[in-house]
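Since this is a predicted model, take the numbers as computed values, not measurements.
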Amino acid sequence: MTVLNPPIVPRKIYGLIWVVLLLLLLLNWGLAQLNLGPFNLVATLAIAFIQMMLMLLYLMHVRYNTPLTWVFVAAGFIWLVVMINLSLSDYLTRGAVAGRFGKSWIHETSVPPPVYLPKP
Amino acid sequence: MTFPILPEQASKIATQTDNLCWGLVSISAAVCLIVFVPMIYFLFKYRNGHPADRSPSNLPQTRIEIAWTILPLLIFMCFYVWGAKAYFNIERPPPGAMEINVIGKQWMWKVQHPEGNREIDELHVPVGRIVKLTMTSQDVIHDFFLPAFRTKQDVVPGRYTTEWFQADKIGTYHLFCSEYCGTSHSHMEGRVIVLSQADYQAWLTEGQPGTTLAESGERLFRELGCSGCHLGQSVIRAPPLQGLFGKPVPLNDGTVVIADEGYIRDSILLPAKQITGGYTNDMPSFAGRVSEDELLELIAYIKTLGSQSP
Amino acid sequence: MANSHEAVAEQFDDMPQQIEASTLGMWTFLATEILFFGALFLAYIVYRHTYAQAFALAGRHTLILYGTINTALLLTSSFTMSLAIHSAQEGKNKPLLGFLLLTIFLGCGFLLVKGLEYHEDVHEHLFPGAHFTRELPAPGQIFWVLYWVMTGVHSIHLAAGIGLLAVIVWMAWRRRFSSYYHNPVLISGLYWHFVDVIWVWLYALLYLINRH
Amino acid sequence: MNATLPQTETLEIPKPPKRLLTYFEDGGRTVGSWLLTTDHKRIGILYLYSIVAFFTIGAIAAAIMRLELITPAGDLVTSDTYNKLFTIHGTVMVWFFLIPSIPSVLGNFVVPLMLGARDLAFPRLNLLSWYLFNLGGLLALYAIAIGGVDTGWTFYTPYSSTFTNTHVVTMVAGVFMAGFSSILTGLNFIVTTHKMRAPGLTWFRLPLFLWSNYATSVILVMATPVLAMTLVLLSIERIWGVGVFDPQLGGDPVLFQHLFWFYSHPAVYIMILPGMGVVSELVTCFARKPIFGYHFVAFASMAIALIGFFVWGHHMFTSGASVYSGLVFSITSYLVAVPSAIKVFNWTMTLHRGRIFLNTPMLYALGFIGLFTVGGLTGLFLAALALDVHVTDTYFVVAHFHYIMVGGMVTGFLGGLHYWWPKITGRLYPESLGRLAALIIFIGFNLTFFPQYVMGYLGMVRRYHAYAPEFQIYHVMSSAGASILGVGYLLPLIYLIWSLKHGKKAPANPWNATGLEWQTPSPPPKHNFAQTPIVTRPPYQYSAETEEHMVYG
Ligand code: HEA
Ligand code: HEA
Ligand code: CUA
Ligand SMILES: [Cu+2]
């Protein structure tokens with residue numbers, strides 16, 4: 001493989017991916033109609049993740065690409081995870097403080113801001 | 001013009017923070033010595049035109065690099081731990097605090113004492129007592145900064161934050177708003193007046209309005225109709241509020257939260273957010289109908305509800 | 001060969017360098033795009049954590065039929081885009097043009113459906129602000145702010161993608177691509193697929209969670 | 001500037017075999033030829049014009065603020081005006097001066113030269129970037145002209161979204177544009193560094209300026225989009241009155257702070273890494289020695305860029321965020337200081353057994369090291385949780401960041417500008433005036449900002465228009481220092497312009513430096529090199545042992 005001639009992915013693979021993506025969509029939609037408790041969330045996110053990976057790896061050719069591309073693709077996601085995780089280090093412990101120590105006087109309260117809109 | 005060098009130390013926390021500061025000053029001074037003295041020496045010794053041995057030195061480079069990576073790291077970790085420990089002292093009031101409410105608004109501080117006394121831009125406290133402030137803001141973010149006690153905390157609209165201090169010395173100290181809050185941010189100042197126990201009692205009785213905070217809260221509790229549901233024989237089943245404050249409350253969704261000020265605040269303004277286990281979402285929201293002052297009064301009242309029936 | 005050599009811009013030594021550079025440029029851009037949307041994802045996560053119940057209620061008001069159709073449209077457009085790339089790689093200009101136009105068509109279809117959906121959302125007082133529906137607990141409005149911003153920004157990206165493909169169509173029309181030189185097709189394909197990836201997540205977060 | 005003028009210089013320089021047209025001449029001298037240029041060198045100059053203009057605006061705001069603060073009462077301007085002044089000052093200085101200063105001016109000019117490339121990978125994107133930057137700048141100026149903005153450069157909600165009635169949206173749109181420009185510049189640098197290196201120029205033969213420029217670009221590309229979206233959310237909230245941050249509507253104002261600082265902390269490293277890169281070039285050149293610990297300095301740049309993304313919460317220790325997240329962000333703040341320490345030590349060690357020339361650029365480099373160290377060390381004070389509680393939002397913080405941003409980065413910028421001035425303009429600047437200015441700036445700077453540490457610790461709150469009288473003595477010192485500093489900044493402005501016409505003609509390599517940028521005539525021809533250079537050696541092959549000839553000293 002050279003840059004000038006990147007691998008030509010057979011149309012069959014594209015077709016297959018397309019079918020799988022649509023099936024996953026159907027599955028995702030179907031699962032959302034059922035009540036599976038917390039599993040709903042996991043399933044939805046997992047399916048979205050699989051769909052994303054299929055598109056990245058095959059349609060966007062990451063699978064056939066150089067390590068440098070892998071690094072660039074990974075970077076975006078790693079940074080996103082850093083941002084979300086470290087922010088959650090605040091949000092998840094704001095409530096836990098009171099709960100864990102059973103003391104309400106610790107700085108944080110479990111209080112997200114209230115809403116002032118009058119209810120009907 | 002006066003020429004102050006160090007801020008007044010009026011609490012133990014102040015000493016603690018100053019010690020940390022001096023620790024950092026010393027290490028910084030040491031670092032400056034270690035860096036700048038050789039630097040200046042090299043500048044003289046090796047300046048162009050000055051004869052010196054300039055043959056490439058064969059220092060153990062990698063070992064030096066590792067040394068000056070690890071060493072600062074160790075020093076940093078010491079200060080991290082020191083700072084964090086002291087931080088927890090600042091953030092956690094010791095038990096037995098007297099509680100005062102503070103409401104920030106553009107551009108003044110409103111203070112509510114449990115005894116019912118209210119003041120603006122001034123905070124009278126007795127010396128030696130631990131004072132815990134429960135603070136909220138009516139509009140934007142403010143910050144309650146007490147330099148002499150080395151403590152500050154943002155006052156955020158929509159929630160309660162707390163701050164505590166214990167004055168060691170009688171005197172008058174600065175209070176600043178140190179979060180930018182608009183036009184008169186720099187005039188949102190005030191004084192903390194630390195009185196002796198006796199003077200404080202005298203001050204309290206002199207300005208006593210006749211009703212305590214909890215009594216005002218009780219009046220509101222009736223006026224707003226809370227009592228209709230939360231007292232005895234009502235049609236709607238509502239949880240009794242006796243002994244609620246500070247206790248763990250099991251919620252409908254299985255979690256347990258501590259009934260602190262924030263929880264009660266949410267129960268009043270945003271009842272749908274946390275529904276008490278075994279009850280339904282029947283309580284109306286009082287958002288827009290109670291002011292921040294009134295909320296704090298209601299909370300003060302609910303706090304006083306021991307196990308006895310109101 | 002000689003003909004395509006003219007396409008090398010003066011700052012590059014040769015065609016491989018130019019292609020590698022532009023591909024890497026697109027990947028870098030996509031990394032920034034992840035963080036651009038990332039800020040919205042963070043806000044979404046934080047508020048879903050804080051207002052779980054209100055978000056669940058609010059989420060049930062999204063119009064899942066439109067959302068699902070649109071997901072299908074976009075996934076299909078990704079497929080046709082891939083076929084366009086395939087044709088470009090094989091140097092077949094006619095199918096290339098055809099698939100590009102089909103992709104654009106599907107993209108426009110998405111925007112059309114989205115427009116209808118927006119119309120209905122507004123009709124049901126789901127546009128945040130003074131006229132927001134009273135059926136939802138107040139923090140539900142935050143969900144809907146996020147819905148509008150997320151889908152709005154996504155739609156803008158999709159519209160930009162359609163514009164980009166239009167340029168590619170024009171270039172293909174002028175026979176600028178060959179089995180040797182077709183990098184612009186590949187690069188715009190990357191962008192197109194990326195916009196679809198974002199939608200797959202929006203679909204999951206806005207339409208599916210807590211649907212039952 | 002014009003090579004056809006009679007040659008008056010006394011220095012002997014080897015004439016290039018065939019004279020190439022310089023980038024000034026090639027392509028024409030019309031205004032149009034500049035405004036439509038895609039030559040990275042011309043775009044660098046365009047950026048220079050823009051940022052000098054913005055610095056002037058920011059500096060005028062600073063001057064008025066310093067005048068106002070001489071007396072405790074707010075007597076010179078009204079509170080609202082004062083609030084607008086520091087907002088203008090902060091916004092303009094950060095986004096329209098300091099962030100583009102070294103990367104967009106010097107980086108644009110020297111990065112392709114140092115790489116042995118003909119241009120950046122995407123020259124037209126580069127020009128677009130300049131236009132976006134100016135468009136953003138004009139929007140910001142427009143916001144100032146129609147009445148200003150009074151939120152501070154941090155735009156904290158809910159003040160910015162709901163309470164102020166100044167022109168936040170216009171200003172924010174300007175910053176958004178400038179951010180877009182940043183992203184494109186960063187993208188361009190990243191791709192160029194990956195793909196356009198001259199044959200033989202491996203990663204570990206890159207000059208350290210390119211490493212730090214690369215690290216900066218990573219931050220530009222990964223952090224700026226978050227700011228962009230945050231500003232979009234802020235504008236939506238302001239325009240439609242519904243939003244995700246306003247507590248009145250159910251939002252959390254602290255979330256805005258998370259998003260803002262997720263960008264703005266890494267952004268402070270945008271405002272120091274390029275300066276560090278310049279200093280690495282200067283120290284090696286004027287000590288005539290290879291840098292001590294090349295690999296460590298190179299990796300330190302990358303480490304700062306990466307770890308810099310983990311620390312933003314240290315701006316929020318008292319904001320009402322969780323105590324536990326404070327613990328996390330404090331420790332990461334200490335970690336990110338380690339690579340800075342490595343750099344400082346390596347620069348100092350580079351002087352050991354060198355042959356030191358105290359030319360103007362070197363004076364600035366030494367100033368940088370000193371002031372950055374002091375500023376950085378006080379960063380450690382701020383990272384210590386308990387201490388930050390006391391000094392946050394006081395002048396201690398103001399002093400901290402001016403030490404790094406003004407004492408560090410602006411000094412580094414001036415050092416780099418002097419160093420590359422002969423290459424950029426083909427003229428030498430007057431050396432003794434240069435040294436004088438460097439000295440004045442150093443003295444003025446310390447007098448301006450050192451007193452702010454003390455008054456900050458005493459409790460002088462920042463963003464205060466009027467203040468308690470006991471702080472006055474420090475404010476007076478600070479204002480006095482600022483006037484000295486102002487003079488110090490005016491000097492280079494004057495003599496550099498003077499040198500354009502009257503400066504001696506510069507040889508190709510006035511400093512006998514080793515970088516590729518010196519292997520081509522000053523000023524360089526349009527495509528930089530007559531032939532693509534081939535690199536066979538690591539950078540900084542200086543030898544302190546041999547006596548050397550430099551244009552000065
Ligand atoms: C270029 C800009 C720049 C840089 C590089 C830094 C670098 C650092 N900053 Fe600074 N900072 C700002 C610009 C910058 N900062 C700005 C603008 C603000 C305020 C924003 C606002 O609110 O408006 C701010 C605010 C700020 C705060 C918040 C203060 C507050 O508002 O409460 C904190 C807290 O941790 C902090 C910490 C640090 C640390 C730990 C570093 C470290 O990276 C420093 C590392 C360097 C060194 C440590 C020096 C060299 C080291 C040695 C010589 C090693 C030897 C030392 C020992 C062994 C002890 N900074
Ligand atoms: C990023 C770059 C940068 C730069 C280069 C500067 C440069 C300077 N800054 Fe800046 N500053 C910031 C970034 C920067 N600042 C930021 C981000 C803030 C926070 C804003 C906020 O709170 O939102 C801030 C805030 C800030 C404050 C705090 C305001 C407050 O909180 O109330 C002060 C006060 O002294 C100050 C002073 C100065 C001075 C004296 C200079 C000097 O270096 C400027 C030197 C130039 C001149 C002095 C003008 C030219 C000289 C003359 C015309 C001669 C006559 C001069 C006099 C008579 C004084 N700055
Ligand atoms: Cu209130 Cu500043
Ligand atoms: Cu920071």
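Counting only distance, with no hydrogens or angles, the side chain of B:K152 and the backbone of D:T392 share a donor-acceptor pair below 3.5 Å. D:R355 places no side-chain N or O within 3.5 Å of a backbone atom of B:N48 that could act as its donor or acceptor partner. Using modelled atom types, one side-chain atom of D:Y474 and one backbone atom of B:P4 make a donor-acceptor pair closer than 3.5 Å. With hydrogens and angles ignored, the 3.5 Å screen pairs a side-chain donor or acceptor of B:Y87 with a backbone N or O of D:F317.
Classified by interplanar angle (parallel below 30°, tilted 30° to 60°, perpendicular above 60°), the ring pair D:H352/B:F42 is tilted.
Proximity to chain B is absent for every atom of D:S333, based on heavy atoms less than 4.5 angstrom apart. For B:N89, no part lies under 4.5 angstrom from a heavy atom of chain D. Residue B:V35 touches chain D through both its backbone and its side chain, counting heavy-atom pairs closer than 4.5 Å. Using a 4.5 Å cut-off between heavy atoms, D:F396 does not touch chain B at all. Only the backbone of D:V391 comes within less than 4.5 Å of a heavy atom in chain B; its side chain stays farther off. Using a 4.5 Å cut-off between heavy atoms, B:H174 touches chain D through its side chain atoms alone. In this structure, chain B has heavy atoms under 4.5 Å from both the backbone and the side chain of D:A337. For D:F286, no part lies under 4.5 angstrom from a heavy atom of chain B. Of the atoms belonging to D:Y159, heavy atoms from both backbone and side chain fall under 4.5 Å from chain B. Only the side chain of B:L59 comes within contact range of chain D, judged by heavy atoms closer than 4.5 Å. With a threshold of 4.5 angstrom between heavy atoms, D:F292 approaches chain B through its backbone and through its side chain. Looking at D:T373, the atoms closer than 4.5 Å to chain B (heavy atoms on both sides) all sit in the side chain, from C-beta outward. For D:R288, no part lies under 4.5 angstrom from a heavy atom of chain B. Contact of B:A52 with chain D is not made at all, since no heavy-atom distance falls under 4.5 Å. For a residue to count as touching a neighbouring chain, one of its non-hydrogen atoms must lie under 4.5 Å from one of that chain's; by this rule B:Y80 touches chain D with backbone and side chain alike.
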- Message: Let's go through D:F381 and B:V25 carefully: what are the C-alpha distance in whole Å and the side-chain angles of both, what is the deciding distance for side-chain contact (heavy atoms from CB on, under 4.5 Å) to 0.1 Å, and is it a yes or a no?
- Response: CA-CA 9 Å; D:F381 287 52; B:V25 168; 3.7 Å; yes
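A heavy-atom distance below 4.5 Å is found between the side chains of D:V338 and B:F76. Taking the side chain as every heavy atom from C-beta outward, B:W68 and D:M349 approach each other to under 4.5 Å. Side-chain contact check for D:M460 versus B:F176: every heavy-atom pair is 4.5 Å or farther apart. Considering only heavy atoms from C-beta on, D:T157 stays 4.5 Å or farther from B:I141 through its side chain.
Side-chain atoms of B:Y180 and D:N83 form a donor-acceptor pair, as typed in the model, at a separation below 3.5 Å. A donor atom on one side chain and an acceptor atom on the other are found under 3.5 Å apart for B:T183 and D:D80.
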